[in-house]
Every structure is written in C-alpha cells, then in structure tokens.
Amino acid sequence: MSITVRVPAKVNVQLAVGPARPDGFHDLANVFLAVSLYDEVTATPADSLRITCEGPDAEQVPLDRTNLAARAAELLAARHGIAPDVHLHIAKDIPVAGGMAGGSADGAAALLACDALWGTGASRAELLDICAELGSDVPFSLVGGAALGTGRGEQLTELPLGGTFHWVFAVADGGLSTPAVYREFDRLTPDAPVPEASPALLEALRTGDTTALAGALANDLQPAALSLRPSLADTLAAGTAAGALAGIVSGSGPTTAFLVKDAEAAESVAAALIASGTCRTARAATSPAPGARVLTA
Ligand SMILES: C[C@](O)(CO)[C@H](O)COP(=O)(O)OP(=O)(O)OC[C@H]1O[C@@H](n2ccc(N)nc2=O)[C@H](O)[C@@H]1O
Ligand SMILES: Nc1ncnc2c1ncn2[C@@H]1O[C@H](COP(=O)(O)OP(=O)(O)OP(=O)(O)O)[C@@H](O)[C@H]1O
C-alpha cells in the first residue's frame, strides 16, 4: 500500500521583516499565498528510511537525512515510538532553492503521508507542531490557501480570499541561501521596525482585487536578494515590460513572481520572460491552492 500527498508552492505577497531576534530568527508579518505548482510525495513501507526524487531539478535535492521529507518521517516516528522505515518518493515540480518553499512543501507532505501510512492518527495541532519544528515555512505548506504568518512565520492565521489571482514565476539559475539573504537584510537594514501586515494588502486579498494587490505587494527581503543577485533587477524589468501588473522577488529569492490580469496575460508574460533570456524558465500558476492533501487512488 502507498499513500500519495500533493502539496503546493507558496509566494509571499507581503514579507515584512523585523530585527534579528536573540535566537537568530526574525519576527515577520508574512502573508503567504499557496500557488498551483505542486510536488507529490509518495510513502511506501520499506525496510529502512529511503528518499528518491524525480523531476527537472531532482539532482539538486539531497537524498540523505537532511531532506525535510526524511526529517518529517523521523520526527513523527520518534514521537510515536516507531521506526521511520519508509520509502519516500518525491515527484518534484516546485523549483528548488527558489524561495517557493519546495523543501518545506515536501516536509509537510511527507508528514501527512507517513501519518496516513502508519496510522499514527496525529491531530491537526500535533501535525502543525511538527511542521513548525521542521521549519518556519512548513506549517503553511500544510494549511495552504492564504494565511498571515507571525513569529518567525510559523504562527498562522488563515485569511479570507475573494478571488483567483494569476501569476507567472521566473525561475533563476541556481539558488540563494535563505540565511545569507536574511544576513544581507540585517546588514542593509540596521533599524528594522516591528513588522506589521498591511491593511490595504489584506483588503485586496479579501475582495479578490488584482489591481489593488499589485499595488500592495511588498517584500522586505527584496533589496537583500537584489544585492546578492543584481541580475534579478533585469528579470523584474523584463516581466513588467511584458505587461505584468507588478513583479516581486518571491520570499528569499531568486525566483521572481509577477502578478498578471488573467490566464491569457500569464501566457504572454511567461513567453516574453523566457524570450528575454533573464531567467532559466517561467511558469504560470494561480492562487489560491489547497494545502497538503492525501490523493485518493
Ligand atoms: C524567506 C521565507 O521563505 C519566507 O516565507 C521564510 O522566512 C524562510 O523559511 P524557511 O526556509 O522555512 O526557514 P527556516 O528553515 O525556519 O530557517 C532557515 C534560516 O532562515 C533564517 N530565518 C528564517 C525565518 C525567519 N523568520 N527568520 C530568519 O532569520 C534563519 O537564518 C534560519 O536559520
Ligand atoms: N525535499 C527537499 N526539496 C528541495 N530541497 C530540499 C529538500 N529538503 C532539503 N532541501 C535543501 O533545502 C535547500 C532549499 O531548498 P528549498 O527548495 O526548500 O528552498 P526555498 O524554496 O528557497 O525555500 P524557502 O522558500 O522555504 O526558503 C536546498 O538547497 C536543499 O539543499
């Protein structure tokens, strides 16, 4: 018997970052939206913990116990006093190290898949607790939809969403290290204010107003990502020149996210971004998308 879980990528429509905390993390007002790019994680009984991965970026994914899917299986098994003997196969479509929480997605998916396979029957609260232990973005991968993350981004409040938004993601060559981007933020922003969610942005989400959302997109990590990867400015310029309503670095980058009017605009902006030579590839997607879900056969 196998269990397959499908899990979405995310984009941060607002990422407000405060000063570094004593534990090295930063307090955030992190407005997450799940988008329709998905990984699938399949859990199958095995003699020991084993990870395999397929997909265009598969060679960049660690197959050892540092993989967040493996860590999720180990944490759940340890809590329930069982051995983490499982084969986890990741069908990866989310860009790796791209600021779209691909590793976090696999952690949440593996957790849900193992819970179903092993019959551990973890409550939602226990699952969310393990997710937060795995990483700041992981709880949102479980929940999906739209949510405000406070604390280091792991404390979620679900947000009402009034419509569908259309996106194009420009995938860059190579990744950016999330800790390095936060360090660069600290260097560039010695007096970061307390982070707060923007009322205009929350209202744009609630009413499904694409134009208002385009005007409210904000990422405090963007100057840091641009400082470490100046060529992202060319990608942002190419996307907006091609007709995107707004462009932003996604999370810690280097993926850039473009909000567009509709599916037709998504197609033409994606084609123009690819033709511009300022990114490795471009993908169209919509939001919202559901969080991690077991797929029924
Ligand atoms: C940039 C975002 O993707 C936006 O959603 C997240 O803030 C990053 O979340 P993540 O990749 O799940 O991050 P974690 O695995 O929890 O932490 C990785 C590293 O990122 C930095 N980090 C992360 C989250 C946070 N609120 N403050 C931080 O400073 C820390 O250096 C930390 O050691
Ligand atoms: N299942 C996984 N898939 C991809 N990368 C993983 C996974 N588990 C661990 N990693 C490691 O995490 C690093 C970051 O990968 P990931 O795709 O999660 O980045 P990201 O999209 O920038 O994440 P975030 O937006 O949460 O910062 C990779 O370089 C890889 O070494």
Side-chain angles (χ1 to χ4, degrees), residues 9-20 25-35 98-101 136-137 140 145-163 165-170 172 176 178 181-230 232-240 244-261 269 285-288:
K10 59 84 177 164
V11 62
N12 309 88
V13 286
Q14 186 192 1
L15 184 51
V17 182
F25 286 88
H26 294 70
D27 277 323
L28 305 177
N30 189 352
V31 182
F32 292 101
L33 261 190
V35 301
M100 300 191 73
S136 311
D137 280 346
F140 180 72
L148 170 65
T150 54
R152 59 185 165 84
E154 87 288 17
Q155 292 162 28
L156 297 180
T157 308
E158 291 188 47
L159 294 174
L161 206 53
F165 296 105
H166 294 266
W167 297 94
V168 176
F169 295 96
L176 266 180
T178 301
V181 174
Y182 274 104
R183 274 197 303 275
E184 184 67 357
F185 169 86
D186 292 336
R187 195 181 69 79
L188 295 173
T189 327
D191 296 311
V194 172
E196 278 181 80
S198 144
L201 179 116
L202 298 182
E203 180 65 7
L205 292 177
R206 197 183 62 75
T207 55
D209 184 336
T210 300
T211 310
L213 182 60
L217 293 178
N219 179 359
D220 286 356
L221 292 183
Q222 181 159 315
L226 285 171
S227 164
L228 297 177
R229 189 75 69 83
L232 292 180
D234 300 333
T235 321
L236 288 170
T240 39
L245 300 172
I248 194 170
V249 170
S250 178
S252 52
T255 299
T256 41
F258 297 90
L259 188 59
V260 295
K261 193 162 56 81
V269 169
T286 56
S287 56

For this session: Please name the pair of heavy atoms, one in Phe185 and one in Gly18, separated by the smallest distance, quoted to 0.1 Å.
Result: CE2-O, 3.5 Å
Problem set entry | Which atom of Leu176 lies closest to which atom of Gly253, heavy atoms considered | CB-O, 3.9 Å
Exercise. Between Glu203 and Arg206, what is the shortest heavy-atom contact and its length?
Worked result: OE2-NH2, 2.9 Å
Problem set entry | Backbone of Glu196 reached by a side-chain donor or acceptor of Gln14 within 3.5 Å | yes
Exercise. Does the pair Thr178 and Ser252 meet the rule for a side chain to side chain donor-acceptor pair (under 3.5 Å), with working shown?
Worked result: CA-CA 6 Å; Thr178 301; Ser252 52; 3.2 Å; yes
Seminar exercise, completed: Distance col, row Trp167:CH2 vs Thr210:OG1, nearest 0.5 angstrom, shows 9.0 Å
Exercise. Do the non-hydrogen side-chain atoms of Val35 and Thr286 ever get within less than 4.5 Å of each other?
Worked result: no
Problem set entry | Those residues that, when tested against Glu184, pass salt bridge (charged side-chain N to carboxylate O under 4.0 Å, His left out) (two or more places apart) | Arg187
Exercise. At what distance, to the nearest 0.5 angstrom, does CG of Leu245 lie from NE2 of His166?
Worked result: 11.0 Å
For this session: Please examine the side chains of Asp27 and Val194, heavy atoms only from C-beta on, and report whether any two atoms are closer than 4.5 Å.
Result: no
Exercise. Are Leu205 and Phe165 side-chain neighbours, meaning at least one heavy-atom pair lies under 4.5 Å?
Worked result: yes
Exercise. Ignoring hydrogens and geometry, is there a side-chain-to-backbone donor-acceptor pair from Thr255 to Gly99 under 3.5 Å?
Worked result: no
For this session: Could you tell me whether the side chain of His26 reaches within less than 4.5 Å of the side chain of Asp186, counting heavy atoms only?
Result: yes
Exercise. Once you round to the nearest 0.5 Å, how far does CZ of Phe169 lie from OG of Ser250?
Worked result: 6.0 Å
For this session: Could you pull out the closest heavy-atom pair between Ala29 and Ala197, with the gap in Å?
Result: CB-N, 3.6 Å
Exercise. Partners of Asp209 by salt bridge (charged side-chain N to carboxylate O under 4.0 Å, His left out), sequence neighbours excluded?
Worked result: none
Exercise. How far does CG of Asn30 sit from CG of Leu148, to the nearest 0.5 angstrom?
Worked result: 8.0 Å
Exercise. Say you draw a straight line from CG of Leu259 to CG of Leu33; how long is it, rounded to the nearest 0.5 Å?
Worked result: 9.5 Å
Exercise. Between Ser287 and Ala34, what is the shortest heavy-atom contact and its length?
Worked result: CB-O, 3.0 Å
Exercise. Can you check whether Leu201's main-chain N or O pairs, donor with acceptor, with Ser198's side chain at less than 3.5 Å?
Worked result: yes
Exercise. Parallel, tilted or perpendicular: which describes the rings of Phe140 and Phe32, with under 30° parallel and over 60° perpendicular?
Worked result: parallel
For this session: Please name the pair of heavy atoms, one in Leu161 and one in Ala146, separated by the smallest distance, quoted to 0.1 Å.
Result: CD2-CB, 3.9 Å
Problem set entry | Inter-residue atom distance Ile248.CD1 - Phe258.CZ, 0.5 Å rounding | 10.5 Å
Going by atom type alone, with no hydrogens or angles, which donor-acceptor pairs under 3.5 Å involve a side-chain atom of residues 214-225 and a protein atom two or more places apart or on another chain?
residue: Asn219; atom: OD1; partner: Leu221; partner atom: N; Å: 2.8
residue: Asn219; atom: ND2; partner: Val249; partner atom: O; Å: 2.8
residue: Asn219; atom: ND2; partner: Gly251; partner atom: O; Å: 2.9
residue: Asp220; atom: OD2; partner: Val17; partner atom: N; Å: 2.9
residue: Gln222; atom: OE1; partner: Val249; partner atom: N; Å: 2.9

Problem set entry | Flag side-chain contact, heavy atom, 4.5 Å: Leu188 against Ser227 | yes
